[in-house]
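Here the structure is laid out as structure tokens; the discussion comes afterwards.
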Amino acid sequence: MIDGRTIEYAPTAKPGGSSVDRKGCFVKVLIAGGAGFIGSTVASVLLDGGHQPVILDNLVTGRREFCAGRTFYEGDIADAAVLDRIFDDHPDIAAVVHCAALIVVPESVARPIVYYRENVTKTLEFVDHLIGKGVSRFLFSSSAAIYEPGADFSVDENSALNAMSPYARTKMVVEQMLTDISASTPLRVLSLRYFNPIGADPKMRTGLQVAAPTHALGKLVEAYRAGRPFTVTGLDYPTRDGSGIRDYVHVCDLAAAHLRALEIFDALFEGGQSRSMVINLGTGRGTTVLEFVDAFNKVVDTPVAVAPAPRRPGDSAGAYTRSTRAADLLGWRAEHTIEEGIKDSLAWFDQRSQVLPDLAGQG
Ligand SMILES: NC(=O)c1ccc[n+]([C@@H]2O[C@H](COP(=O)([O-])OP(=O)(O)OC[C@H]3O[C@@H](n4cnc5c(N)ncnc54)[C@H](O)[C@@H]3O)[C@@H](O)[C@H]2O)c1
């Protein structure tokens with residue numbers, strides 16, 4: 001419940017009704033960045049739920065193998081020709097999930113122009129084309145990295161924003177740009193602010209695809225498998241143990257939130273008071289990096305040691321969500337534990353060369 005409103009499902013079928021199933025849920029959804037870590041998991045959850053993801057990805061970091069057996073278009077989100085082809089082939093696409101972006105914080109510090117071009121300029125082109133195609137339902141992969149952490153590091157959707165890196169600022173700028181666009185076009189926008197995704201598809205179809213991951217868990221698994229200490233970047237934050245604080249959420253829980261949001265999208269915007277909305281997607285529990293290493297060491301046979309290192313450029317102390325909006329509006333809560341996320345990540349790292357043979361022996 002928010003603003004006295006309880007959200008119930010109220011589908012709006014398109015003329016002809018072909019874009020909604022019998023339960024009233026959208027069938028065909030375009031996923032930009034659907035060959036990446038999160039987008040491929042969203043595609044899996046949609047497929048498992050009987051929906052039809054249509055994937056658009058330029059494979060700059062994503063993997064063709066994650067699209068095997070799926071409807072996949074290789075191309076850039078700003079490429080009008082590929083969008084024409086997709087909508088000619090699939091005029092019944094009912095919603096768009098936009099996960100396509102460059103996401104590496106230190107790289108964004110070194111190459112800000114590339115990050116603003118790929119994440120901001122291209123999103124503007126993408127959305128312009130989509131509106132031309134009649135798209136009115138848009139989910140944007142935003143990030144909790146845009147928050148100014150409060151004194152206790154907890155944040156909700158009304159907390160102050162203060163993005164600390166060019167990467168995070170691209171997310172903030174895009175959110176604001178989408179809000180402006182939604183005010184005077186048919187597009188309605190739900191920005192989902194992810195906290196710290198961990199884990200992998202439990203069916204091992206997809207997982208973290210980068211050989212040298214920059215996410216904390218990816219680096220921890222890498223350190224474990226190499227028998228090296230795990231480097232904790234920054235032990236001088238004003239947290240309970242000096243390490244950064246995060247809200248680790250299983251990638252399958254994140255994906256499930258997208259499905260839920262798609263199911264009730266029209267109901268979310270019913271009444272027309274707002275045309276853009278933000279929702280935090282986290283567990284609601286803050287875990288410091290050192291606590292996370294402890295959780296990891298409870299799951300593995302040989303504990304990983306910790307090596308302290310200075311903060312990286314653009315890093316922040318981090319934050320966790322205190323918001324109940326996802327539960328109130330989407331009826332969604334993270335269901336997996338941190339340990340489950342760690343176990344699924346370890347299983348993925350053990351098996352990923354079966355899906356991604358070029359990563360055999362790496363990490
Ligand atoms: N992973 C995280 O920790 C995290 C946290 C918060 C938010 N997010 C957001 O979630 C989204 C997905 O992140 P991810 O972790 O899956 O990253 P990822 O790199 O695995 O996936 C991004 C995908 O987008 C594709 N892509 C990038 N630019 C493109 C373009 N111009 N045209 C077409 N495809 C393009 C890439 O090839 C890749 O498949 C991103 O928008 C990211 O900002 C991620």
Side-chain angles (χ1 to χ4, degrees), residues 1-7 38 98 105 138-165 167-180 182-183 188-198 216 237-240 243-251 253-262 264-265 267-271 273-289 291-292 315-338 341:
M1 178 117 72
I2 190 165
D3 301 336
R5 289 188 301 140
T6 302
I7 299 298
I38 296 170
H98 179 25
V105 168
F138 192 82
L139 265 61
F140 173 59
S141 296
S142 188
S143 173
I146 69 177
Y147 283 117
E148 164 92 64
D152 68 351
F153 305 102
S154 74
V155 291
D156 65 24
E157 292 84 354
N158 296 316
S159 295
L161 303 183
N162 182 16
M164 299 279 286
S165 69
Y167 160 71
R169 276 188 284 276
T170 66
K171 293 279 138 184
M172 203 168 73
V173 168
V174 169
E175 270 197 18
Q176 290 164 352
M177 184 175 89
L178 292 171
T179 298
D180 287 341
S182 70
R188 292 161 297 162
V189 177
L190 176 58
S191 290
L192 298 170
R193 291 179 181 161
Y194 310 157
F195 281 69
N196 304 93
I198 58 171
Y237 291 112
T239 59
R240 48 186 173 261
S243 66
I245 199 156
R246 306 282 183 265
D247 186 339
Y248 297 101
V249 56
H250 198 295
V251 67
D253 283 328
L254 280 188
H258 291 70
L259 175 58
R260 183 68 189 139
L262 289 165
I264 63 161
F265 193 92
L268 275 178
F269 291 93
E270 215 167 44
Q273 302 95 320
S274 64
R275 301 192 50 80
S276 74
M277 197 179 284
V278 298
I279 297 181
N280 282 355
L281 294 181
T283 63
R285 283 183 302 280
T287 304
T288 69
V289 176
E291 289 165 352
F292 190 64
D315 273 354
S316 73
Y320 64 96
T321 185
R322 60 166 179 263
S323 168
T324 60
R325 190 178 286 185
D328 295 342
L329 287 185
L330 303 181
W332 173 90
R333 277 185 188 79
E335 286 176 1
H336 292 79
T337 62
I338 285 184

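The first residue of the sequence shown is numbered 1, and numbering continues consecutively from there. Values below: all heavy atoms of this structure, side chains included; hydrogens, waters and symmetry mates excluded.
In this structure, the side chain to side chain donor-acceptor pair (under 3.5 Å) partners of S154, at least two apart in sequence or on a different chain, are D152, R322. Residues passing the side-chain contact (heavy atoms from CB on, under 4.5 Å) test with V155 are Y147, S159, F195, N280, A319, sequence neighbours excluded. Looking at residues two or more places apart in sequence or on another chain, you find a side chain to side chain donor-acceptor pair (under 3.5 Å) between D247 and T283. Applying the side chain to side chain donor-acceptor pair (under 3.5 Å) rule to E335 yields no partners; only residues at least two apart in sequence or on another chain are considered. Listed by chain and residue number, Y248 satisfy the ring pair (Phe, Tyr, Trp, His ring centres under 6.0 Å) test with F292 (two or more places apart in sequence, or in another chain). For R333, there are no salt bridge (Lys or Arg N to Asp or Glu O under 4.0 Å) partners, not counting sequence neighbours. R188 meets the salt bridge (Lys or Arg N to Asp or Glu O under 4.0 Å) test with D266; sequence neighbours excluded. With sequence neighbours left out, the side-chain contact (heavy atoms from CB on, under 4.5 Å) criterion links T324 to D328. Not counting sequence neighbours, the partners of S142 by the side chain to side chain donor-acceptor pair (under 3.5 Å) test are E175. Checked against side-chain contact (heavy atoms from CB on, under 4.5 Å), D180 has no partners two or more places apart in sequence or in another chain. Listed by chain and residue number, F126, F138, F140 satisfy the ring pair (Phe, Tyr, Trp, His ring centres under 6.0 Å) test with H98 (two or more places apart in sequence, or in another chain). For the ring pair (Phe, Tyr, Trp, His ring centres under 6.0 Å) test, residues two or more places apart in sequence or in another chain that qualify with Y194 are H258.
Smallest separation of non-hydrogen atoms from V249 and G282: CB-CA, 4.3 Å. Here the closest heavy-atom approach between residue I198 and residue G341 is recorded as CD1-CA, 3.8 Å. Minimum interatomic distance between F153 and G318 (heavy atoms only, all atoms of both residues): CD2-O, 3.7 Å. Nearest approach of S143 to Y167, heavy atoms of both residues: CB-OH, 4.0 Å. Here the closest heavy-atom approach between residue L268 and residue M277 is recorded as O-CE, 3.3 Å. Of all heavy-atom pairs spanning L190 and F269, the tightest one is N-CZ, 4.2 Å.
In this structure, M164 and V105 have side chains that are not in contact, with every pair of non-hydrogen atoms separated by 4.5 Å or more.
Within the model, atoms CD1 of I146 and NZ of K171 stand 10.0 Å from one another, a figure rounded to the nearest 0.5 Å. Rounding to the nearest 0.5 Å gives a distance of 5.5 Å between CG of N158 and CZ of R325. To the nearest 0.5 angstrom, R260 atom CZ is 14.5 Å from D253 atom CG. Distance OG1/T288 to CZ/R246: 10.0 Å, rounded to 0.5 Å.
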Apply the test side-chain contact (heavy atoms from CB on, under 4.5 Å) to residues I279 and E157: give CA-CA distance (whole Å), side-chain angles for both, the deciding distance (0.1 Å), then the verdict. CA-CA 7 Å; I279 297 181; E157 292 84 354; 4.3 Å; yes
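Under the 3.5 Å distance criterion, the side-chain polar atoms of T287 are left unmatched by any main-chain donor or acceptor of E291. Counting only distance, with no hydrogens or angles, the side chain of S276 and the backbone of T179 share no donor-acceptor pair below 3.5 Å. Looking at R169, its side chain does come within 3.5 Å of a backbone N or O of A163 through a donor-acceptor pair.
For the side chain to side chain contact (heavy atoms under 4.5 Å, CB included) with R193, the qualifying choice from L281, T321, V278 is V278, the only one to do so.
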